[in-house]
Amino acid sequence: METTVQEQELLTKANEVVELLAEGKFIEAMENYLADDVQLFEGNNPAKIGKAFTIAEEQKLLDTVTAFHGYTVTSGPAVKGDTTFYEAVMEFDTNDGTQHRFEQVVRTQWKDGKIVNERYYHA
């Protein structure tokens with residue numbers, strides 16, 4: 001099955017996002033790629049709504065990080081229509097001494113080159 005031009009463009013954007021995440025540039029990725037009215041879901045939790053709110057919440061988490069060990073894409077990104085998918089592992093330590101390892105699948109819906117809806121499925 002061949003990808004469309006739009007799908008190729010989304011795949012390029014998804015790769016740009018994961019490259020920033022791999023460098024630990026979470027806020028930069030969010031500033032560049034989130035739509036103003038984005039909805040982000042962590043698993044089955046209620047959505048975080050809006051770019052400014054979502055970035056503020058991310059910054060609160062990042063303020064607790066004492067060591068970042070990586071964000072590694074293990075599969076994808078893949079694209080179908082206006083949606084990209086990838087699987088990744090994120091590892092970091094926080095100032096309470098906890099070592100975190102999140103294995104996740106990320107499903108992202110795009111509109112006009114921006115992320116409008118994203119869900120993280122964690123294991």
Side-chain angles (χ1 to χ4, degrees):
M1 195 177 243
E2 291 200 28
T3 57
T4 66
V5 171
Q6 176 192 354
E7 287 173 332
Q8 273 304 126
E9 290 171 358
L10 292 183
L11 207 50
T12 297
K13 288 187 178 298
N15 278 302
E16 291 168 358
V17 169
V18 297
E19 285 173 22
L20 288 171
L21 299 178
E23 295 172 14
K25 296 179 179 178
F26 294 92
I27 299 299
E28 185 177 333
M30 296 172 86
E31 287 174 343
N32 290 343
Y33 292 97
L34 294 184
D36 290 338
D37 60 348
V38 67
Q39 294 185 13
L40 293 182
F41 298 85
E42 294 275 348
N44 292 325
N45 293 321
K48 295 176 191 170
I49 299 175
K51 181 177 181 175
F53 176 75
T54 302
I55 290 174
E57 290 297 300
E58 185 73 9
Q59 189 61 59
K60 285 181 193 175
L61 170 64
L62 292 174
D63 288 345
T64 70
V65 173
T66 56
F68 176 67
H69 302 293
Y71 190 94
T72 306
V73 173
T74 57
S75 180
V79 63
K80 179 67 177 168
D82 67 353
T83 305
T84 57
F85 304 86
Y86 67 89
E87 187 175 7
V89 176
M90 178 172 53
E91 296 178 283
F92 60 94
D93 302 340
T94 50
N95 57 13
D96 63 359
T98 304
Q99 295 178 335
H100 301 269
R101 177 182 169 90
F102 291 100
E103 297 179 27
Q104 60 188 10
V105 172
V106 181
R107 189 268 306 139
T108 307
Q109 290 179 301
W110 300 80
K111 182 177 179 185
D112 300 326
K114 298 288 184 180
I115 297 168
V116 294
N117 189 295
E118 189 162 70
R119 186 180 298 264
Y120 307 95
Y121 298 92
H122 297 282

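For clarity, every value in this text was computed on a predicted model and none was experimentally measured. As a basis for the values below, the full set of heavy atoms in this structure was taken, side chains included, without hydrogen atoms, waters or symmetry mates.
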Not counting sequence neighbours, which residues clear side chain to side chain contact (heavy atoms under 4.5 Å, CB included) with [X]? List them please.
| X | answer |
| --- | --- |
| His100 | Phe92, Thr94, Thr98, Phe102 |
| Lys114 | Ala35 |
| Asn44 | Arg119 |
| Glu87 | Thr74, Ser75, Val105 |

Any donor-acceptor N/O pair, [X] side chain to [Y] backbone, under 3.5 Å:
| X | Y | answer |
| --- | --- | --- |
| Glu91 | Gly70 | no |
| Asn32 | Ala29 | no |
| Thr12 | Gln8 | yes |

Please name all residues satisfying side chain to side chain donor-acceptor pair (under 3.5 Å) with [X], sequence neighbours left out, ordered by chain then number.
| X | result |
| --- | --- |
| Asn15 | none |
| Glu118 | Thr108, Tyr120 |
| Glu16 | Tyr33 |
| Lys25 | Glu23 |

Q: Apply the test side-chain contact (heavy atoms from CB on, under 4.5 Å) to residues Val38 and Val116: give CA-CA distance (whole Å), side-chain angles for both, the deciding distance (0.1 Å), then the verdict.
A: CA-CA 4 Å; Val38 67; Val116 294; 5.7 Å; no
Q.
Going by side chain to side chain contact (heavy atoms under 4.5 Å, CB included), Asp93 matches just one of Val65, Thr64, Thr66. Which one?
A. Thr66
Give the table of side-chain donor-acceptor pairs shorter than 3.5 Å for residues 50-61, with sequence neighbours excluded, one pair per line with atom names and distance.
from  : atom 1 : to    : atom 2 : distance (Å)
Lys51 : NZ     : Glu31 : O      : 2.8
Thr54 : OG1    : Gly50 : O      : 2.7
Glu57 : OE2    : Lys60 : NZ     : 2.9
Gln59 : NE2    : Asp63 : OD1    : 2.8

Q) Taking atom types as modelled and ignoring hydrogens, do the side chains of Gln104 and Tyr71 form a donor-acceptor contact shorter than 3.5 angstrom? A)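 Side-chain D/A pair, Gln104 to Tyr71: present.
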Q) Side chains of Trp110 and Thr84: is there a donor and an acceptor less than 3.5 Å apart? A) yes
Q) Tell me, do Lys48 and Gln39 make a side-chain contact under 4.5 Å, heavy atoms counted? A) no
Q. Which distance, rounded to the nearest 0.5 Å, do you find between the OG1 of Thr4 and the CG of Asp82?
A.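 Here the interatomic distance stands at 10.5 Å.
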Q | Atom pair NZ/CG of Lys111 and Leu10 - distance to nearest 0.5 Å | A |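 Result: 13.5 Å between the selected atoms.
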Q: For Glu103, check salt bridge (charged side-chain N to carboxylate O under 4.0 Å, His left out) against everything at least two apart and list the hits.
A: Arg101
When hydrophobic residues are tied together by side-chain contacts of less than 4.5 Å, even through go-betweens, does [X] share a cluster with [Y]?
| X | Y | result |
| --- | --- | --- |
| Val17 | Val73 | yes |
| Met90 | Leu20 | yes |
| Ile27 | Leu40 | yes |
| Ile115 | Leu11 | yes |

Q: List for me each residue that meets ring pair (Phe, Tyr, Trp, His ring centres under 6.0 Å) alongside Phe26, sequence neighbours excluded, and say none if there are none.
A: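 Scan of Phe26 (ring pair (Phe, Tyr, Trp, His ring centres under 6.0 Å), adjacent residues dropped) gives Phe68.
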(Q) Show the nearest heavy-atom pair for residues Pro77 and Tyr86, with the distance to one decimal. (A) CA-CB, 3.8 Å
